[in-house]
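Input: a single structure, listed below in structure tokens.
One-based numbering, in listed order, for ligands and for the atoms of each.
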Amino acid sequence: MARIGVIGAGYVGLTTAACFARLGHTVVCADVDEAKVSALSRASVGAHEPRLAELVAEGLGTGRLRFVLGNRAALADVDFVFVCVPTPTGPDGAADLTFVDAVLDEARGTVGPDCVIVIKSTVPAGTTERVAAVIDRPVVSNPEFLREGHAVDDFLRPQRVVVGAPGPRGAAGREAAVRVAELYAGTGAPAIVTDSASAELVKYASNCFLAMKLSYVNSLAELCERVGADVSDVTEGMSLDDRIGGAFLSPGPGWGGSCFPKDTRALLSTAESLDVDFPLLRATIDTNHAQAHRVVGLVRDAVGPLRGARLALLGLTFKAGTDDLRDSPALATATLLAAEGAVLTGYDPCVSADCGPVRVLPSAEEAARDADALVILTEWPEFADLDWEDMASTMTGRSVVDTRNLLPPAKVTEAGFHLVPLGRPTP
Ligand SMILES: NC(=O)c1ccc[n+]([C@@H]2O[C@H](COP(=O)([O-])OP(=O)(O)OC[C@H]3O[C@@H](n4cnc5c(N)ncnc54)[C@H](O)[C@@H]3O)[C@@H](O)[C@H]2O)c1
Ligand SMILES: O=c1ccn([C@@H]2O[C@H](COP(=O)(O)OP(=O)(O)O[C@H]3O[C@H](CO)[C@@H](O)[C@H](O)[C@H]3O)[C@@H](O)[C@H]2O)c(=O)[nH]1
């Protein structure tokens, strides 16, 4: 079993640390956020991630996992260092590597001669190669593919493990890359060992492809409305072709979260910097920007001019199953609605503080009180079970815009509501 240092205790770093401890390795997880380190040392996990708190408690209990403030202890006396710090969007759309570079600067003087530095943060193609040229230690790329809300499952049962070493076909650090792949042996996942630029691109190419699928289906939904087709039937028909598959075909208020928006922009920026025209990716991003405006249009069509309209927004996180509000399409839509003068209340099972223009209330019923219309923005399953008779007695208006096609049409309409789904005929 290996000694592993993890730098950054966010969604990826914390999951990596807790899961490697679960797989039997000894892990030191470092962060610069004092409050986070202190909470984690008491097994208090802030993020809404199934099983994560349990694994953290287990790791602390067995002594295989500990948390430290500052990176030194996670860089010295370990066999592998996993860099899991943010790579946000920079001013020009490219990934900002300030956090990664700061950690690598620290690592340069601290890690032992046999330690392998593993870049797990999402970084542009060429980054690992650049870093390897100035660090006298093996450096490999090992992108992470976990989904928020499924982080532990995705880490312990990944569909693939990708590791890339610098040089053509990973020649320079192939042995180090194989050692990193072996850390995941307990997961049973197939491993691809390749060059680092290819590994880095697998990450961007996957996220951008999924985002493209979603922009495609969001445009398709609009077309379905115009021709009177039902997008659910259309996508079901498509999904039976196993070359297409059924995943990522649900229309919505746009795709968001901490990864798709920044990774699509970063890949486009990489392409532009190399004079590669990638109109498909540009259209994927532009289509997504337009989607929040389209939702506002549907709400306007349903309730009339938005100035002074009281709207209840159900779901504020970027998708169900997470408490993450980063780049949430629900909040992008809220901002546009507020700009037209709507007065917004909201409810989300994982959000308690007010969000921008949205006054957050403790239940869907309270958010809906006296509302002119209700807008479903995140697909939390509990919204499908709302008591619509009850909602009708609470609300002033009778319009429900369902951007996730989540609600049972018969129950909603039987209670007297006018239901506006996305890409389906109005019931
Ligand atoms: N969130 C996801 O679902 C996901 C999935 C796959 C890949 N990624 C990628 O992983 C990387 C990290 O994303 P995240 O969502 O975990 O970020 P996050 O913001 O949740 O966590 C990052 C952590 O790093 C810490 N940090 C910042 N600078 C540091 C430093 N110098 N030393 C030590 N700690 C430091 C922060 O305090 C924070 O706790 C990004 O490149 C992201 O694109 C994210
Ligand atoms: O059919 C669908 C599926 C998803 N979405 C939206 O797409 C966005 C992204 O969803 P998801 O991919 O589940 O979220 P993340 O947790 O951000 O995960 C993505 O981003 C991570 C960070 O890079 C990767 O590791 C994961 O593999 C990748 O799925 C969200 O706004 C979803 O609501 C839809 O609108 N319709």
Side-chain angles (χ1 to χ4, degrees), residues 5-17 29-37 40 46-47 49 67-72 74-75 82-89 95-107 119-124 127 142-151 154-155 158-160 200 202-204 206-211 213-218 221 235 239 246-264 266 288 291 315 317-322 324 326-330 332 377-380 403-405 422:
V6 175
I7 310 294
Y11 282 88
V12 169
L14 183 58
T15 305
T16 301
C29 181
D31 205 289
V32 288
D33 180 334
E34 190 168 356
K36 192 178 260 190
V37 170
L40 288 171
E49 277 300 337
F67 296 96
V68 292
L69 181 63
N71 297 334
R72 209 185 155 74
L75 293 170
F82 281 77
V83 179
C84 305
V85 293
T87 48
T89 303
D96 175 353
L97 297 179
T98 310
F99 296 99
V100 171
D101 285 340
V103 171
L104 292 169
D105 268 350
E106 247 184 299
I119 303 184
K120 192 171 259 308
S121 295
T122 302
V123 294
T127 305
N142 170 219
E144 178 52 54
F145 302 98
L146 65 79
R147 295 161 300 164
E148 290 184 17
H150 302 264
D154 285 349
F155 194 96
Q159 294 186 336
R160 77 287 215 197
E200 289 159 337
V202 173
K203 175 68 196 174
Y204 282 104
S206 302
N207 275 1
C208 293
F209 187 79
L210 292 170
K213 233 178 152 182
L214 292 175
S215 282
Y216 181 86
V217 86
N218 282 334
T235 53
S239 71
F248 276 69
L249 287 181
S250 301
W255 39 268
S258 67
C259 291
F260 282 9
K262 88 174 168 60
D263 292 351
T264 45
N288 199 47
Q291 191 65 3
T317 54
F318 79 94
K319 64 173 185 177
T322 180
D324 200 342
R326 290 181 284 183
D327 257 316
S328 170
L377 289 166
T378 308
E379 73 284 22
W380 287 102
T403 72
R404 299 281 187 170
N405 292 342
L422 213 64

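Close approach of ligand 1 to Lys262 (heavy-atom distance below 4.0 Å) involves ligand atoms 42 (C), 43 (O). For ligand 1, the atoms lying closer than 4.0 Å to a non-hydrogen atom of Ile7 are 32 (N), 33 (C). The atoms of ligand 1 that sit less than 4.0 Å from any heavy atom of Thr87 are 40 (C), 41 (O), 43 (O). Ligand 1 places these atoms under 4.0 Å from at least one heavy atom of Ser258: 1 (N). Distances below 4.0 Å separate heavy atoms of Glu144 from the following atoms of ligand 1: 6 (C), 7 (C). Against a heavy-atom cut-off of under 4.0 Å, Phe99 is close to the following atoms of ligand 1: 27 (C), 28 (N). Every atom of ligand 1 with a heavy atom of Gly10 under 4.0 Å away is listed here by number and element: 16 (O), 18 (P), 20 (O), 21 (O), 23 (C), 39 (O). For ligand 1, the atoms sitting less than 4.0 Å from at least one non-hydrogen atom of Tyr11 are 1 (N), 15 (O), 16 (O), 20 (O), numbered in the order shown with element in parentheses.
In this structure, of Val68, Leu104, Asp31, the residue bringing a heavy atom nearest to atom 25 (C) of ligand 1 is Asp31. The heavy atom nearest to atom 1 (N) of ligand 1, considering only Lys203, Glu148, Glu34, is found in Glu148. Between atom 22 (C) of ligand 1 and the options Gly8, Cys29, Pro86, the minimum heavy-atom separation is to Pro86. Taking each of Ile119, Val85, Asp324 in turn, the one with a heavy atom nearest to atom 26 (N) of ligand 1 proves to be Val85.
For the atom pair Leu210 CG and Phe248 CZ, the distance stands at 5.0 Å (nearest 0.5 Å).
For ligand 2, the 4.0 Å heavy-atom shell contains residues Glu144, Phe145, Leu146, Arg147, Glu148, Lys203, Asn207, Leu214, Phe248, Leu249, Ser250, Trp255, Gly256, Cys259, Phe260, Asp263, Phe318, Lys319, Arg404.
Within the structure, the closest approach of His150 to ligand 1 does not fall below 4.0 Å when heavy atoms are considered. Ligand 1 does not have Ala102 within reach: every non-hydrogen atom of the residue lies 4.0 Å or more from it.
A distance-only check finds no donor-acceptor pair linking the side chain of Lys262 to the backbone of Asp327 [under 3.5 Å]. Glu106 places no side-chain N or O within 3.5 Å of a backbone atom of Arg72 that could act as its donor or acceptor partner. Using modelled atom types, no side-chain atom of Asn207 and backbone atom of Asp263 make a donor-acceptor pair closer than 3.5 Å.
At under 3.5 Å, not a single nitrogen or oxygen of Ala30, backbone or side chain, sits near a nitrogen or oxygen of ligand 1. Between Arg147 and ligand 1, no pair of N/O atoms sits closer than 3.5 Å.
For Asp263, no heavy-atom contact with ligand 1 is shorter than 4.0 Å.
Scanning the protein heavy atoms around atom 16 (O) of ligand 1, the nearest turns out to be Val12 N, 2.9 Å.
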